[in-house]
Amino acid sequence: MKILSIETSCDETAVAILDIDGPLENPDIKILGNTLLSQIALHEQYGGVYPTLAKREHIKNLPILLEQTVKEAHLETRFPSIDLIAVTSGPGLEPALWVGITFAEELGRKWQKPVIPINHMEGHIWSVLFEEGKLELPAIALLVSGGHTELVYIKDFGEYEILGQTRDDAVGEAFDKVARMLGLPYPGGPQISKLAERSRVSTRQVDTLRLPRPMIHSGDLDFSYSGLKTAVLYKLKESLDIDKEDMARAFEDAAIEVLVEKTRKAITERPEIKTLIVGGGVSANIHLKRELEKMVSQFPEVTLRLPSRLLSTDNALMIGLAAYIKVKKNPEILNPPAGGQTPIKAEGNAKLG
Ligand code: KG4
Ligand code: ZN
């Protein structure tokens with residue numbers, strides 16, 4: 001099945017064409033075309049993503065990327081032989097989401113192809129299917145991005161139950177905000193990670209910088225990251241000569257320890273699970289990966305699956321793959337109702353399940 005997918009939920013415009021077949025646990029995926037334009041450099045000056053600017057850029061970028069992707073896939077440019085168009089409908093920035101949706105629906109009309117909405121977080125979950133190996137369910141997914149921090153129970157493909165989530169900031173957002181306090185550019189996650197790793201190889205003691213581990217003993221699977229960011233601010237106010245590398249490490253140690261301990265609790269409570277899936281931009285974090293590997297090694301029946309670095313942050317490949325799963329589980333969505341296709345709506349706060 002050939003799927004054209006479009007992602008515009010935040011500051012990345014992305015288009016892909018995948019040819020996918022085979023079982024959901026281990027699909028046979030051919031990437032025919034894949035393009036992405038990041039707006040990071042443009043948003044950097046605002047220290048975060050500026051929605052109206054993102055919208056303008058998506059409008060400008062989408063036609064260019066579509067043309068490139070179709071060419072890359074060696075398909076006929078006017079009426080490419082695809083089976084389906086998939087577009088991210090949420091969660092994300094609504095003005096940005098609408099650009100992708102409108103574009104996808106216009107293509108659908110022009111090419112007479114079905115268009116289906118995809119939840120961005122489902123994309124992050126299934127990114128791990130691009131890696132080798134059969135994926136066994138049930139699973140738990142730890143979703144960690146700029147907008148989300150969630151533990152999700154996956155009973156079967158398409159069946160999700162949120163076990164816990166952040167009550168305020170997302171962990172990626174905390175990385176970005178702390179980076180800003182340390183005078184580092186946006187997005188802050190990779191910057192913090194680099195500094196923290198340098199501090200770890202040094203022989204310096206960082207005990208005096210130790211930060212609280214918010215909600216680590218709360219007894220549930222929820223998170224909170226806004227207090228941790230404030231704790232960093234207080235430390236920075238206390239003393240003028242705090243080493244940035246050490247501060248980054250103290251923050252990262254605290255932020256990651258909570259993620260790992262809550263995930264351990266989730267696995268302990270659901271002993272039937274076979275796989276721990278990690279998804280979202282923060283899954284690229286090397287310290288998180290190391291600590292999760294250690295934790296999961298204590299559960300011999302659980303396999304840890306992380307996406308490759310390029311698939312951890314936003315892209316259109318993951319949207320195409322999530323669309324394949326949706327169609328396989330609900331084949332009827334390929335046959336639109338008699339009155340034509342129901343218009344797709346952007347849902348900034350779309351939930352899984
Ligand atoms: O999934 P994503 O690309 O976009 C959203 O859906 O939000 O995630 C972006 C987030 C940003 O907050 C960024 O700082 C964070 O992922 N991030 C990282 C790393 N790489 C990206 N955080 C920590 N360590 C990293 N290496
Ligand atoms: Zn994302």
Side-chain angles (χ1 to χ4, degrees), residues 40 44 47-48 142 144-146 149 166 169-218 223-268 276 278-300 302 304-310 312-313:
I40 284 176
E44 205 172 342
L142 171 67
V144 279
S145 71
T149 310
T166 183
D169 292 355
V171 61
E173 189 181 353
F175 268 91
D176 295 337
K177 287 179 176 167
V178 168
R180 208 164 155 190
M181 288 176 205
L182 296 176
L184 304 167
Y186 172 85
Q191 308 281 335
I192 296 267
S193 168
K194 206 178 344 166
L195 295 196
E197 286 299 309
R198 279 194 215 141
S199 169
R200 281 188 196 102
V201 296
S202 78
T203 50
R204 293 192 296 272
Q205 290 298 311
V206 292
D207 299 353
T208 56
L209 290 180
R210 191 184 159 85
L211 296 167
R213 270 63 175 155
M215 293 187 65
I216 202 160
H217 300 302
S218 63
F223 302 87
S224 163
Y225 279 102
S226 90
L228 183 57
K229 161 199 81 189
T230 317
V232 173
L233 189 67
Y234 284 134
K235 287 280 179 205
L236 293 172
K237 278 189 177 159
E238 265 168 34
S239 160
L240 285 175
D241 48 31
I242 291 177
D243 188 287
K244 275 191 195 179
E245 294 178 359
D246 295 343
M247 193 70 251
R249 172 183 174 187
F251 163 74
E252 195 178 67
D253 282 348
I256 300 296
E257 192 176 318
V258 183
L259 290 179
V260 174
E261 287 316 308
K262 294 274 172 161
T263 309
R264 183 200 306 276
K265 183 169 161 55
I267 298 178
T268 313
L276 172 63
V278 192
V282 184
S283 70
N285 185 276
I286 180 106
H287 186 58
L288 174 63
K289 184 172 175 224
R290 215 165 32 214
E291 295 302 304
L292 283 175
E293 275 166 358
K294 252 190 257 168
M295 185 271 285
V296 170
S297 69
Q298 292 156 7
F299 298 90
V302 177
L304 173 64
R305 298 277 303 250
L306 284 140
S308 68
R309 205 193 57 77
L310 284 178
S312 66
T313 48

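Just so you know, residue 1 is the first one in the sequence shown, and it goes up from there.
When all heavy atoms of Val171 and Ala255 are compared, the closest pair comes out as CG2-CB, 4.3 Å. Across all their heavy atoms, Ala254 and Pro212 have their closest contact at CB-O, 3.6 Å. Across every non-hydrogen atom of Val282 and Gly172, the tightest pair is CG2-CA, 3.6 Å. Taking each heavy atom of Pro214 and Leu228 in turn, the nearest pair found is CG-CB, 3.9 Å. Val144 and Val278 get closest at one heavy-atom pair: CG2-CG1, 4.3 Å.
Counting only heavy atoms from C-beta outward, the side chains of Arg210 and Asp207 never approach each other to under 4.5 Å. Between Met215 and Val258, the closest side-chain pair of non-hydrogen atoms is not below 4.5 Å. Leu292 is listed as a side-chain neighbour of Leu142, based on a closest heavy-atom distance under 4.5 Å. Under the 4.5 Å side-chain criterion, counting only non-hydrogen atoms from C-beta, Leu211 is not in contact with Glu257. The closest side-chain heavy-atom distance from Ser218 to Lys262 is below 4.5 Å. Leu259 places a side-chain heavy atom less than 4.5 Å from the side chain of Phe223.
Salt-bridge check for Arg213 with Glu261: failed, with every basic side-chain N at 4.0 Å or more from each acidic carboxylate O. The residues Arg290 and Glu293 are annotated as not salt-bridged, no charged nitrogen and carboxylate oxygen being separated by less than 4.0 angstrom.
Between the CD1 atom of Ile242 and the CE atom of Met247 there is a distance of 6.0 Å, given to the nearest 0.5 Å. Here the CG-CZ distance, from Leu209 to Phe251, works out to 13.5 Å after rounding to the nearest 0.5 Å. To the nearest 0.5 angstrom, Leu276 atom CG is 12.0 Å from Arg264 atom CZ. One finds the CZ atom of Phe175 at 4.5 Å from the CD1 atom of Ile256 (value rounded to the nearest 0.5 Å). To the nearest 0.5 Å, atom OG1 of residue Thr263 and atom CG of residue Leu288 are 8.0 Å apart.
When each of Arg249, Lys244, Glu252 is checked for a side-chain contact (heavy atoms from CB on, under 4.5 Å) with Ser199, only Arg249 meets the rule. Looking at Arg204, Gln205, Lys235, Arg198 one by one, the single match for side chain to side chain donor-acceptor pair (under 3.5 Å) with Asp246 turns out to be Arg204.
When atom types are taken as modelled, the side chain of Ser283 and the backbone of Ser312 share no donor-acceptor pair closer than 3.5 angstrom. No donor-acceptor distance shorter than 3.5 angstrom exists from the side chain of Tyr225 to the backbone of Thr166, with no hydrogens or angles considered.
More than 12 heavy-atom neighbours from other residues, nucleotides or ligands sit within 6.0 angstrom of CZ on Arg200.
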Name each donor-acceptor pair under 3.5 Å that joins a side chain in residues 181-195 to protein atoms two or more places apart or in another chain, with its distance.
| from | atom 1 | to | atom 2 | distance (Å) |
| --- | --- | --- | --- | --- |
| Tyr186 | OH | Asp11 | OD2 | 3.4 |

